Amino acid sequence: VQLQASGGGLVQAGGSLRLSCAVSGGILSTYAMGWFRQAPGKERGFVAAISASGGMTEYVDSVKGRFTISRDNAKNTVYLQMNSLKTEDTAIYYCARGRRLAVVTTAPDYWGQGTQVTVSS
């Protein structure tokens, strides 16, 4: 299984970015997916997750109302739309896979490489 994250970059505060996570080597539709981030000097933390069907989502409080996680199982891709970005959103963002929504938020079984998001003031 491989998870390939992309879409990071440099954006001004208030701007938007959409991250993508392309999954290969597995049946995406049977797994929950999540996004995590790690800021400089901090531990990696949960950002958002989506159930296998896409019917349920979860977010960390700091991104609620600004970020939206979605998935296209036909394209084996998961997305994170990030709007109203703040400087504190600057981090390396990782996608991850888990058996269920409750599992992917705490103990994913596969991780992708990260993509850097930098928000300037």
Side-chain angles (χ1 to χ4, degrees):
V1 176
Q2 289 189 327
L3 284 65
Q4 181 76 35
S6 62
L10 174 64
V11 63
Q12 286 190 327
S16 298
L17 280 175
R18 188 176 81 157
L19 305 183
S20 298
C21 177
V23 182
S24 59
I27 303 175
L28 180 63
S29 61
T30 61
Y31 291 94
M33 296 293 295
W35 287 95
F36 294 73
R37 66 186 178 186
Q38 185 169 19
K42 296 186 178 181
E43 293 186 353
R44 186 162 53 187
F46 169 73
V47 175
I50 188 167
S51 62
S53 67
M56 292 187 293
T57 57
E58 289 189 15
Y59 299 91
V60 67
D61 286 345
S62 60
V63 308
K64 286 180 180 177
R66 299 188 299 121
F67 290 11
T68 302
I69 188 171
S70 62
R71 62 192 297 156
D72 186 337
N73 288 336
K75 294 183 178 180
N76 287 333
T77 303
V78 180
Y79 305 98
L80 185 68
Q81 178 67 43
M82 305 185 295
N83 298 330
S84 302
L85 282 162
K86 305 176 180 180
T87 55
E88 52 263 43
D89 294 318
T90 294
I92 300 173
Y93 283 73
Y94 300 87
C95 57
R97 190 193 81 168
R99 284 287 181 183
R100 304 184 305 277
L101 189 62
V103 174
V104 75
T105 59
T106 57
D109 59 358
Y110 280 97
W111 292 89
Q113 94 299 348
T115 185
Q116 177 71 48
V117 172
T118 303
V119 184
S120 64
S121 58

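Quick caveat, the model's predicted, so the values are computed rather than measured. Quick note: numbers below take in every heavy atom, side chains included, and nothing from hydrogens, waters or symmetry partners.
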Engineer: Can you check side chain to side chain contact (heavy atoms under 4.5 Å, CB included) on Met82 and Trp35, steps first, answer last?
Structural biologist: CA-CA 12 Å; Met82 305 185 295; Trp35 287 95; over 6 Å; no

Engineer: Working to the nearest 0.5 angstrom, can you tell me the gap between Phe67 CZ and Ser16 OG?
Structural biologist: 9.5 Å

Engineer: Taking atom CD of Gln38 as the centre, does the number of heavy atoms from other residues, nucleotides or ligands within less than 6.0 Å exceed 12?
Structural biologist: yes

Engineer: Just by distance, do the side chain of Tyr59 and the backbone of Ile69 share a donor-acceptor pair under 3.5 Å?
Structural biologist: yes

Engineer: Checking side-chain contact (heavy atoms from CB on, under 4.5 Å) against Arg71, which of Val23, Leu28, Thr77 comes through?
Structural biologist: Leu28

Engineer: Under 4.5 Å between side-chain heavy atoms, hopping through other hydrophobics if needed: is there a path connecting Val78 to Leu19?
Structural biologist: yes

Engineer: Decide side chain to side chain contact (heavy atoms under 4.5 Å, CB included) for Tyr79 and Asp72; before the verdict, give the C-alpha distance in whole Å, the side-chain angles of both, and the deciding distance to 0.1 Å.
Structural biologist: CA-CA 8 Å; Tyr79 305 98; Asp72 186 337; 4.1 Å; yes

Engineer: Of the non-hydrogen atoms in Leu101 and Ala49, which two are nearest, and what is the gap between them?
Structural biologist: CD1-CB, 3.6 Å

Engineer: Closest heavy-atom contact between Gly7 and Thr115?
Structural biologist: N-OG1, 4.0 Å

Engineer: Surrounding CG of Leu10 (heavy atoms of other residues, nucleotides or ligands, distance under 6.0 Å), is the total greater than 12?
Structural biologist: yes

Engineer: To the nearest 0.5 Å, tell me how far Asn76 CG sits from Ser29 OG.
Structural biologist: 8.0 Å

Engineer: Just checking Glu88: does its CD atom have more than 12 heavy atoms from other residues, nucleotides or ligands closer to it than 6.0 angstrom?
Structural biologist: yes

Engineer: Return yes if some donor-acceptor pair links the side-chain N/O of Asp89 with the main-chain N/O of Ala13 below 3.5 Å, else return no.
Structural biologist: no

Engineer: Is there side-chain contact between Gln113 and Gln4, with at least one heavy-atom pair below 4.5 Å?
Structural biologist: yes

Engineer: I'd like to know if Val104 and Tyr94 are part of one continuous hydrophobic network [Ile/Leu/Val/Met/Phe/Trp/Tyr, side-chain heavy atoms within less than 4.5 Å].
Structural biologist: no

Engineer: CZ/Arg37 to CD1/Ile92 distance, rounded to the nearest 0.5 angstrom?
Structural biologist: 13.0 Å

Engineer: Please give me the minimum heavy-atom distance between Thr87 and Ser120, naming the atom from each residue.
Structural biologist: CG2-C, 4.0 Å

Engineer: How close do Thr30 and Ala52 get, counting heavy atoms only, and between which atoms?
Structural biologist: C-CB, 3.9 Å

Engineer: Count I, L, V, M, F, W, Y as connected when their side-chain heavy atoms are under 4.5 Å apart, and connections chain through other members. Are Val63 and Met33 then in the same cluster?
Structural biologist: yes

Engineer: Of all the heavy-atom pairs spanning Trp111 and Pro108, show the shortest one and how long it is.
Structural biologist: CZ2-CG, 3.6 Å

Engineer: Looking at Lys64 and Asp61, is any side-chain nitrogen of the basic one under 4.0 Å from a carboxylate oxygen of the acidic one?
Structural biologist: yes

Engineer: Would you kindly confirm whether Phe36 and Met56 end up in one hydrophobic cluster when ILVMFWY residues are joined by side chain heavy atoms under 4.5 Å apart?
Structural biologist: no

Engineer: Side chain to side chain contact (heavy atoms under 4.5 Å, CB included) for Arg99 and Tyr31? Distances and angles first, verdict last.
Structural biologist: CA-CA 5 Å; Arg99 284 287 181 183; Tyr31 291 94; 3.4 Å; yes

Engineer: Looking only at atom types and distance, does a side-chain atom of Thr90 sit under 3.5 Å from a main-chain N or O of Val119, one as donor and one as acceptor?
Structural biologist: yes

Engineer: Checking Arg97 against Tyr110: charged group under 6.0 Å from the ring centre and within 45 degrees of the axis?
Structural biologist: no

Engineer: Val117 and Val60: same hydrophobic cluster, using ILVMFWY side-chain contacts below 4.5 Å?
Structural biologist: yes

